[in-house]
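To keep things clear, I will list the structure first and then write my remarks on it.
Each residue takes its place number in the sequence, starting with 1.
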Amino acid sequence: MERKKKNTIRITLYYVICVLCGAAIGFIFTQFYLVNGIGVHNLSLTQICIRLVLLIIAFMLQLFLHEAGHLIFGLLSGYGFVSFRIFNIMILNDHGHLLIRRLHLDGTAGQCLMSPPEPVNGHIPGLLYNMGGILMNLLAGFAAMILIYVCNDNKELIEWLFQFVLFGVVFALLNGIPFASSTISNDGANAIALESNPKANRAFYLQMKMNAMLSEGVSLSGMPEEWFEVPDDADMENSLIATIGVFACNRLMEQHRFTDMEHLIVHFMSIPNGINDIHWQLLKCDLLYVRLLSGKQGEPITSLLDAPVKKVMKTMKDFPSVIRTQYALALLHDQDENRAESFRKHMAEISGSYPYHTDIMHENDLMILAKQQYRRNVEQVR
C-alpha cells in the first residue's frame with residue numbers, strides 16, 4: 001500500500017509537469033504563429049496532412065537524436081556499442097556484425113544499450129552516458145534556432161524548425177529533470193544516482209555488463225554467480241539496485257530453481273522496492289508460471305491475473321516470457337490444447353527476430369515442462 005501511495009504521488013507530479021510543459025509550449029507555439037503570420041485556416045486537407053506528417057518527423061528525429069546522444073557520449077566515456085532501438089526496431093551488435101532485430105518494451109520509445117568500461121576504484125563514468133541524449137536534443141535545437149534566424153523568409157521551413165526545437169526542449173525537460181517512480185526512472189535521476197551512490201553505480205555496471213553478455217549469447221547461468229547477489233531490503237528501494245534483484249529472479253527461473261524464485265518474488269512483494277513496473281509485471285508472469293507448474297489453482301493464480309498483468313500480456317504479446325506464461329495458462333489453467341498450440345507457434349514465429357537467442361532456448365524448455373505437467377495431470381484424471 002505504501003509503495004502504491006508513493007508511486008501515485010510521483011506519477012501525479014510527473015503528469016503535472018507534463019501539463020505545465022504542454023501549456024507553456026502551446027502558448028509559445030501560438031505566439032510564434034501569430035508573430036510570423038503562419039496559420040492553417042486557408043490550408044487544404046492535403047496541406048494539413050503534410051504538416052502533420054512533418055510534425056511526426058520532427059518528433060521522430062528528436063527521438064533518434066536522443067538515443068544517438070547516449071551512443072555518442074557513451075563512446076566518448078569508454079563504453080562499447082551493444083544495441084540501438086527505436087520503438088520495436090533494434091540494431092544489435094553481434095560479435096562485430098550489425099543485425100536487425102525486433103523488441104518491444106512498454107514505456108520505452110527507444111533505448112541505447114552499451115557495454116560499460118571496467119570500474120576504476122569501484123566506479124564507472126555514468127554522467128555523460130545518461131545525459132548524452134539530453135545534450136544532443138539541446139544541441140540540435142540550438143542549431144535549428146540558428147537556421148530559423150538564417151531562413152527567416154521561408155515560413156514553412158521556419159514552422160517545421162520551430163516544432164523541431166520544441167520537441168527537443170520537451171525531450172530535454174522530461175528526461176533531464178530528475179524523476180523516478182515505479183514506472184519511470186529518467187536520465188536525470190539515473191545520472192544523480194550513479195554519481196552519488198556507489199552501490200547504484202555498481203548495479204548499473206552489472207546491468208550493462210549482463211545485457212552485453214546476453215547479446216553475445218551468454219545465458220544468465222553462465223555469468224558469475226556473485227553478480228546476482230540479492231540486494232538488502234533497504235537497497236531494493238533504489239530503482240537501479242532493484243534491477244539486480246530482478247536479474248537474480250530471472251537467473252533462478254533459468255536454472256529451474258522455482259521454489260527459490262517464488263520465495264524471492266513473494267519477499268519483494270512484502271517490502272518497499274524500486275522495481276520498475278514492467279519488470280514487476282513480468283516477475284508476476286514468472287510467478288504465475290511457477291504456481292501453475294506446481295499445480296496451484298484458485299486464489300494463488302487469480303490474484304496475479306490482475307489488470308496490470310493482463311495489460312502487459314496484451315501489449316507485450318511478442319515477449320518470450322509472456323508467450324510462455326500464456327502457454328502455461330492455456331494448458332494448466334484452461335486445459336485448452338488448441339490455444340496453447342497457438343502460443344507455441346507464436347514463440348516459433350518471433351524466435352528468428354528476437355535479439356537474445358538464449359532467452360528463446362530457455363523459454364522453450366519451460367514450455368516443455370508445462371506440457372509434461374499437463375500430460376501428467378491428464379494421466380492422473382484417467
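Electrostatic pairing of Arg324 and Asp286 counts as a salt bridge here, judged by a charged N lying under 4.0 Å from a carboxylate O. Between Glu337 and Arg344 no salt bridge is recorded (no basic side-chain N to carboxylate O distance below 4.0 Å).
A side-chain donor-acceptor contact under 3.5 Å links Asn201 to the backbone of Ile124. Judged by distance alone, with hydrogens and angles left aside, the side-chain atoms of Asp106 form no donor-acceptor pair with the main-chain N or O of Met316 at under 3.5 Å. The main-chain N or O of His123 is never found under 3.5 Å from a side-chain atom of Asn121 such that the two would form a donor-acceptor pair.
Between Asn377 and Gln373, the side chains place a donor N or O and an acceptor N or O closer than 3.5 Å (distance only, hydrogens not considered). Counted by atom type alone, Gln281 and Asp277 present one or more donor-acceptor pairs between their side chains at under 3.5 Å.
For Lys199, the salt bridge (charged side-chain N to carboxylate O under 4.0 Å, His left out) test picks out Asp235, with sequence neighbours left out. For Asp233, the side chain to side chain donor-acceptor pair (under 3.5 Å) test picks out His267, with sequence neighbours left out. In this view, Phe343 satisfies the ring pair (Phe, Tyr, Trp, His ring centres under 6.0 Å) rule with no residue, not counting sequence neighbours. Not counting sequence neighbours, Asp94 has no partner by the salt bridge (charged side-chain N to carboxylate O under 4.0 Å, His left out) test. For Trp227, there are no ring pair (Phe, Tyr, Trp, His ring centres under 6.0 Å) partners, not counting sequence neighbours. With sequence neighbours excluded, the residues that form a side chain to side chain donor-acceptor pair (under 3.5 Å) with Glu118 are Tyr205, Lys209. Under the salt bridge (charged side-chain N to carboxylate O under 4.0 Å, His left out) criterion, Asp187 pairs with no residue at all, not counting sequence neighbours. With sequence neighbours left out, the salt bridge (charged side-chain N to carboxylate O under 4.0 Å, His left out) criterion links Glu262 to Arg291, Lys296.
Other residues, nucleotides and ligands contribute over 12 non-hydrogen atoms within 6.0 Å of the CD atom of Glu226. Other residues, nucleotides and ligands contribute more than 12 heavy atoms inside 6.0 Å of the CZ atom of Arg376. Under a cut-off of 6.0 angstrom, the local environment of CZ in Arg101 is crowded, with over 12 non-hydrogen atoms contributed by other residues, nucleotides or ligands. Atom CE of Met145 sits in a sparse spot, with 12 or fewer heavy atoms from other residues, nucleotides or ligands closer than 6.0 Å. Heavy-atom neighbours of Glu229 CD from other residues, nucleotides or ligands within 6.0 Å: at or below the threshold of 12.
Each of Phe171, Trp160, Phe164, Phe64 was scored for a ring-ring contact (aromatic ring centres under 6.0 Å, His included) with Phe59, with one residue passing: Phe171.
Both Tyr289 and Leu305 belong to a single network of hydrophobic side chains, linked directly or stepwise wherever heavy atoms of I, L, V, M, F, W or Y lie under 4.5 Å apart.
Within the structure, the side-chain hydrogen bond (donor to acceptor under 3.5 Å, both in side chains) test picks out no pair touching residues 166-177 (sequence neighbours left out). Evaluation of the salt bridge (charged side-chain N to carboxylate O under 4.0 Å, His left out) test over residues 53-77, restricted to residues two or more places apart or in two chains, returns none.
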Open item on the list: Would Lys284 and Asp306 count as a salt bridge (Lys or Arg N to Asp or Glu O under 4.0 Å) here? Give the steps.
Closed with: CA-CA 10 Å; Lys284 286 161 67 177; Asp306 54 15; 2.7 Å; yes
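Between Pro125 and Pro117, the closest heavy-atom pair is CD-CG, 3.9 Å.
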Review item, side-chain donor-acceptor pairs of residues 82-92, under 3.5 Å, at least two apart:
{"residue": "Arg85", "atom": "NH1", "partner": "Phe87", "partner atom": "O", "Å": "2.7"}
{"residue": "Arg85", "atom": "NH2", "partner": "Thr108", "partner atom": "OG1", "Å": "2.8"}
{"residue": "Arg85", "atom": "NH2", "partner": "Gln111", "partner atom": "OE1", "Å": "3.4"}

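Under a 4.5 Å side-chain heavy-atom cut-off, the cluster of Ile, Leu, Val, Met, Phe, Trp and Tyr residues that includes Met131 is completed by Leu127, Ile134, Leu138.
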